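As structure tokens, the structure follows; a few thoughts come after it.
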Protein chains: 2
Amino acid sequence: MPATARKKPAKRRRSPIQSRGQATVDAIVEAAAQILARKGPAAATTNAVAARAGVSIGTLYQYFADREALLQEIGRRHVAEMQAVLAAALTGIDGLALPAAVDRLVAAIVAMHRVAPRLHQALHQSLARDHLDTIDAFEVAVEAMVSHALASRDELDLAHPALTATVLVRGLGGLIRTTLRREPERLDDPALALAMRAMILGTLGESRRRT
Amino acid sequence: MPATARKKPAKRRRSPIQSRGQATVDAIVEAAAQILARKGPAAATTNAVAARAGVSIGTLYQYFADREALLQEIGRRHVAEMQAVLAAALTGIDGLALPAAVDRLVAAIVAMHRVAPRLHQALHQSLARDHLDTIDAFEVAVEAMVSHALASRDELDLAHPALTATVLVRGLGGLIRTTLRREPERLDDPALALAMRAMILGTLGESRRRT
DNA sequence: AAGGAAGATGAGCCTTTGCTCAGATCCTCG
DNA sequence: CGAGGATCTGAGCAAAGGCTCATCTTCCTT
């Protein structure tokens, strides 16, 4: 053992201290995200990522304990971005009347899923079961947010706001994800937006306390 | 080269002729499906599958050109089973009044997704992009079926039956898949069934020709 | 019952890929 | 300027997994 006793690097990750290091980390994460989105999880080998990022594999492993850790970091950043987009698309929605608010909601959810659909899908495919938590947590948060928004509108008079929120968020999410995978261009179709609007309004109407 | 000139085995798959061979193929497919469902795509190595099926790897490769071909076969069988379950759960639905028909539809879609959810998910993860066609085709067929069913009910007076069918099928599918992954036990919750019912009825109501 | 086709075997080749390590290079700061 | 930490390098190890092939066994046919 050397004189300078290293503390056991339980996670052998070094946090970048100089700005150069930070740039390297960013380059690695970005390269990985690109490969993941364009060629899928299988193509995102550590060597390929390092090559694309323009660094050596050794450097990659200086900052990430293993491949999984890298994927997790990508997941974290991706969720943060989705969150930001969603929040931006929803600002001021409380002040709007119901129809306008619904339109805004539709646009927001679509925008959120548009952030990086291929990457989103690739992450779902490649993250080990135990590490989907980051993404799951975000989805739960979205449901909670919508639930709260629904509950605060007395006009809706919902019997079970949380349940309705769950149905709407998961339903719309699935609809958008499926469409994005099979007919991506269709997401621009105004008719689809109208149909989603109808689904939301209809569901809300049918979920009132006294039908 | 031997005297008996082999025709080039472009796809080196041998179709079983004796019943023994058929049994072997079934054992292999079943073993693979089990591993896929229980431990995920990564664990479904060809060697592991052969071991679980109780045959040697050589035998596996006698019937399947490569790993992908095996996965495709599993996909084919799985889709066939879902189709059968769905058809069974929908028999006689045309004769029912709307509310009852909707309940039946909800039950049918849930039943269909229950067939082998883990396997379903694993297939989506492991099938190469080019080979999701089998699954996609089935989903398209389901949408067409529902679309037709909706259009044939004059009482609904839908403006765009196909569009409404798409929204409903993809929406419900996403809802069920998400729930199955995150809170599987909740699929038995009657409240959720009611919420789905509300979503369907509401969406139908809001999608009429003249609102 | 004999020949040949169908079926089965499994050691091991070969490629891929995650990851390590011994050192080279770059920065910062006294 | 020079020491020492931060950063980077890349050949290559070891494990894993897809797949082949030479050979053996079982079954059908006549």
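A, B, ... follow the sequence lines: proteins, then strands. Residue 1 opens every chain. Bear in mind that the values here come from a model prediction, so they are computed numbers and not experimental data.
Rounded to whole Å, atom C1' of C:dT20 lies 14 Å from atom CG of A:Asp66. Atom CG of B:Leu60 and atom P of D:dC19 are 9 Å apart (whole Å). For the pair B:Ile17 CD1 and C:dA5 P, the interatomic distance rounds to 11 Å; values are reported in whole Å. Here the C1' atom of nucleotide D:dT9 and the CD1 atom of A:Ile28 are 13 Å apart, to the nearest Å. Atom CZ in B:Phe64 sits roughly 20 Å away from atom P in D:dG17 (whole-Å rounding). Atom CG in B:Asp26 sits roughly 13 Å away from atom P in C:dG7 (whole-Å rounding).
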Practice problem: Please assess B:Glu73 against B:Arg77 for the test salt bridge (charged side-chain N to carboxylate O under 4.0 Å, His left out), listing each intermediate value before the final yes or no. | Solution: CA-CA 6 Å; B:Glu73 175 62 23; B:Arg77 295 190 179 200; 2.9 Å; yes
Quiz item: Taking it one step at a time, do A:Thr166 and B:Arg186 satisfy side-chain contact (heavy atoms from CB on, under 4.5 Å)?
Solution: CA-CA 12 Å; A:Thr166 293; B:Arg186 204 168 168 191; 4.2 Å; yes
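When the side-chain nitrogen and oxygen atoms of A:Thr24 are compared with OP1 and OP2 of D:dC8, one or more of them lie within a distance under 4.0 Å. Between B:Tyr61 and C:dA8 there is no side-chain polar atom (N or O) within less than 4.0 angstrom of OP1 or OP2. Put simply, B:Thr46 has no side-chain N or O that comes within less than 4.0 Å of OP1 or OP2 on D:dG17.
Residues satisfying the side-chain hydrogen bond (donor to acceptor under 3.5 Å, both in side chains) test with B:Thr179, not counting sequence neighbours, are A:Arg170. Among residues two or more places apart in sequence or in another chain, the salt bridge (charged side-chain N to carboxylate O under 4.0 Å, His left out) test is passed with A:Asp136 by B:Arg181.
The nucleotide whose nearest atom lies closest to any side-chain atom of B:Gln62 is, among C:dT9, C:dC19, D:dT9, C:dT9.
Under a 3.5 Å cut-off, the side chain of B:Thr178 and the backbone N or O of B:Leu175 do not form any donor-acceptor pair. Looking at B:His113, its side chain does come within 3.5 Å of a backbone N or O of B:Ile109 through a donor-acceptor pair.
Around atom NE2 of A:His160, no more than 12 heavy atoms belonging to other residues, nucleotides or ligands sit under 6.0 Å away.
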When you compare the protein's N or O atoms with those of nucleotides 10-16 of chain D, which come within less than 3.5 Å of each other, and at what distance?
from	atom 1	to	atom 2	distance (Å)
D:dG10	N7	A:Ser56	OG	3.4
D:dG10	O6	A:Gly58	N	3.4

Would you list the atom pairs, donor with acceptor, under 3.5 Å between side chains in residues 188-203 of chain A and any protein atom, with sequence neighbours excluded?
from	atom 1	to	atom 2	distance (Å)
A:Asp188	OD1	A:Arg114	NH2	2.7
A:Asp189	OD1	A:Ala191	N	2.8
A:Arg197	NH1	A:Asp103	OD1	3.1
A:Arg197	NH1	A:Asp103	OD2	3.2
A:Thr203	OG1	A:Met199	O	2.6

Which pairs would a plain distance check flag for residues 27-51 of chain B, meaning a side-chain donor or acceptor within less than 3.5 Å of a matching protein atom at least two apart in sequence or in another chain?
from	atom 1	to	atom 2	distance (Å)
B:Gln34	OE1	B:Arg52	NE	3.2
B:Gln34	OE1	B:Arg52	NH2	2.9
B:Thr45	OG1	B:Ala48	N	3.0

Quiz prompt | Per-nucleotide protein contact string for nucleotides 22-30 of chain D (B base, S sugar-phosphate only, - none; heavy atom under 4.0 Å) | solution = ----BS---
